[in-house]
Amino acid sequence: MHDVPLWLWAVFAVTVLVSLAVDLLAHRQAHVIGFREAAAWSGVWVGLAVTFGVVVYLVVGTTAGVEYTTAWLLEKSLSVDNLFVFALIFGYFRVPRAYQHRVLFLGVLGALVFRGVFLAAGVAVVSRFTAVLFVFAAILFYSTYKILKEEEGSFDPGKSIAVKLLRKVIPVRDDYAGTHFFVREAGKRVATPLLAVVAAIEAADLVFAVDSVPAVLAVSSDAFIVYTSNAFAILGLRALYFMLAGLLDRFHYLSKGLALILSFIAVKLILQASHKTISTAVPEIPSPLSLAVIATVLAVSVGLSMLRPAPGPGGGPTADDDRPTEKPPAGPGATGPGSSGPHSSGEPPKAR
């Protein structure tokens, strides 16, 4: 555990709150976020994360700085899977592009809370039962297997437990009502499909936390390092999604790279657990080496994807499409220029 001063926790909390407030004010009017705007915001979030990493390095020490950078880069790379699921959910529910930022903003708030709970629990368990790292390694190996078998794409937003529970608690209408999550119909309060989309986004993040939490705990068991790195990676997810929405299919080697990273982290966990529970003669993988491996694998995966494009046209909107939606569709069953995602043509599934 690192000796983190209380004021640094306060700086982190204030930075996150102010950043979220500025982001919310900047996007208080629903509009289509194009590539250039998304790239600018992505630069802001990356800049904040890197700046905070420098502060951690200067205040807490070199080891903490390397661990933070490694954990942030790892979470950033694993979050690419989230982007594919975001596209799937938005396409399934026919979410107009102008409304998508509002949904992802709430999704980020929920992710910050849930990740905090899961990471706190994970740190507590690891500190008391080191052998649980073997279980975490098994989870990561299984995740690697699913990625290589391309089973990640089987996610069905309509069958999400969170969405089903929502529909049991409150009626969900078919049509959108701007960015409103609730409206009144015949004197009764009903939810719009936008609330169902938020529920699906949150449920997806809970699923991804199963991979993310064990992976980041392999880098560090310090609560400050694991949570701050996760938080800054999550904060940049929205901008990254809008920036890469039309380019996701082009990075076809990235899934293989993520599988390699997960398997490497699993091996790191096994060695770490063996070192602590079996024999100190078992070597551990140092954090600088982990950082180098993750950065190299990501760079090679992206580079190969660009040098060897996948056959056939990619899906999704083009990266430089800054044109606003002419007329948002009435609801999840509508078609037109406001729809997005992998189901943008043909007979769409209903939102409920």
Next on the checklist: Can you give me the closest heavy-atom contact between T179 and Y99, atom names plus distance?
Outcome noted: CG2-CD2, 3.7 Å

Next on the checklist: Using 0.5 Å steps for rounding, measure from the CZ atom of F242 to the NE2 atom of H101.
Outcome noted: 6.5 Å

Next on the checklist: Apply side chain to side chain contact (heavy atoms under 4.5 Å, CB included) to residues L109 and V113 and explain how you reach the verdict.
Outcome noted: CA-CA 7 Å; L109 292 182; V113 174; 6.0 Å; no

Next on the checklist: Give me the atom names and distance for the closest heavy-atom approach of T192 to H180.
Outcome noted: OG1-O, 2.7 Å

Checklist entry - Just how far is it from atom CG of L119 to atom CG of D222, taken to the nearest 0.5 Å? => result 11.5 Å

Checklist entry - L106 and E202: which non-hydrogen atoms are nearest, and at how many Å? => result O-OE2, 3.1 Å

Next on the checklist: Using modelled atom types and a 3.5 Å cut-off, is there a donor and acceptor pairing between side-chain atoms of S42 and backbone atoms of A38?
Outcome noted: no

Item to check | Atom pair CZ/OG1 of F52 and T228 - distance to nearest 0.5 Å | outcome: 5.0 Å

Checklist entry - In terms of heavy-atom contacts, does OH of Y57 have more than 12 from other residues, nucleotides or ligands at under 6.0 Å? => result no

Checklist entry - Does Y227 have its ring centroid less than 6.0 Å away from the ring centroid of Y68? => result no

Next on the checklist: Quick one, V219 with V226, criterion side chain to side chain contact (heavy atoms under 4.5 Å, CB included). Give me CA distance, side-chain angles, the key distance, then yes/no.
Outcome noted: CA-CA 8 Å; V219 176; V226 296; over 6 Å; no

Checklist entry - Below 4.5 Å, heavy atoms only, C-beta onward: do D3 and V60 meet side chain to side chain? => result no

Checklist entry - Say you draw a straight line from CD1 of I234 to NZ of K76; how long is it, rounded to the nearest 0.5 Å? => result 10.0 Å

Checklist entry - L235 versus L20: any side-chain heavy-atom pair under 4.5 Å? => result yes

Checklist entry - Does the ring centre of W45 sit less than 6.0 Å away from the ring centre of F232? => result no

Checklist entry - Taking the side chain from T277 and the backbone from A131, do they hold a donor-acceptor pair closer than 3.5 Å? => result no

Checklist entry - Would you say the side-chain atoms of S221 pair up with the backbone N or O of L217, donor to acceptor, closer than 3.5 Å? => result no

Checklist entry - Can you find a heavy atom in the side chain of F136 that is under 4.5 Å from one in the side chain of I139? => result yes

Next on the checklist: Quick one: does any side-chain atom of H275 pair with a main-chain N or O of V282 as donor and acceptor, under 3.5 Å?
Outcome noted: yes

Item to check | Sequence-distant partners of Q272, side-chain hydrogen bond (donor to acceptor under 3.5 Å, both in side chains), two or more places apart | outcome: none

Item to check | Any side-chain heavy-atom pair of L104 and I201 under 4.5 Å | outcome: yes

Checklist outcome for this item: Interatomic distance, CG@L133 vs CG@L271, rounded to 0.5 Å, equals 11.0 Å

Next on the checklist: Testing the basics here: between L269 and P214, what is the closest heavy-atom pair and its distance to 0.1 Å?
Outcome noted: CD1-O, 3.8 Å

Item to check | Note, T144 side chain near F264 side chain (heavy atom, < 4.5 Å) | outcome: no

Next on the checklist: Please evaluate residues V55 and L8 with respect to the criterion side chain to side chain contact (heavy atoms under 4.5 Å, CB included), reporting the C-alpha separation (whole Å), side-chain torsions for both, the decisive distance (0.1 Å), and the verdict.
Outcome noted: CA-CA 9 Å; V55 174; L8 191 54; 3.7 Å; yes

Next on the checklist: Taking the side chain as everything from C-beta on, heavy atoms only, tell me whether F90 gets closer than 4.5 Å to R97.
Outcome noted: no

Next on the checklist: For L74 versus A215, what's the shortest heavy-atom pair and its separation?
Outcome noted: CD2-O, 3.5 Å

Checklist outcome for this item: Between A71 and V216, the two heavy atoms sitting closest are CB-CG2, 3.6 Å

Checklist entry - Mind checking whether F224 and H2 have side chains closer than 4.5 Å, heavy atoms only? => result no

Checklist entry - Looking at residues at least two apart in the chain, or sitting in another chain, which of them share a side-chain hydrogen bond (donor to acceptor under 3.5 Å, both in side chains) with R115? => result E75, D205, S212, N230

Checklist entry - Mind checking whether K256 and S301 have side chains closer than 4.5 Å, heavy atoms only? => result no

Checklist entry - Rounded to the nearest 0.5 Å, what separation is found between the CG atom of L240 and the CG atom of L83? => result 5.0 Å

Next on the checklist: Grouping I, L, V, M, F, W and Y whenever their side-chain heavy atoms are under 4.5 Å apart, do F105 and V85 come out in a common cluster?
Outcome noted: yes

Next on the checklist: Quick one, Y176 with F93, criterion side chain to side chain contact (heavy atoms under 4.5 Å, CB included). Give me CA distance, side-chain angles, the key distance, then yes/no.
Outcome noted: CA-CA 10 Å; Y176 289 99; F93 287 99; 3.6 Å; yes

Checklist entry - For F182, does the CZ atom sit with more than 12 other heavy atoms under 6.0 Å from it, leaving out its own atoms? => result yes

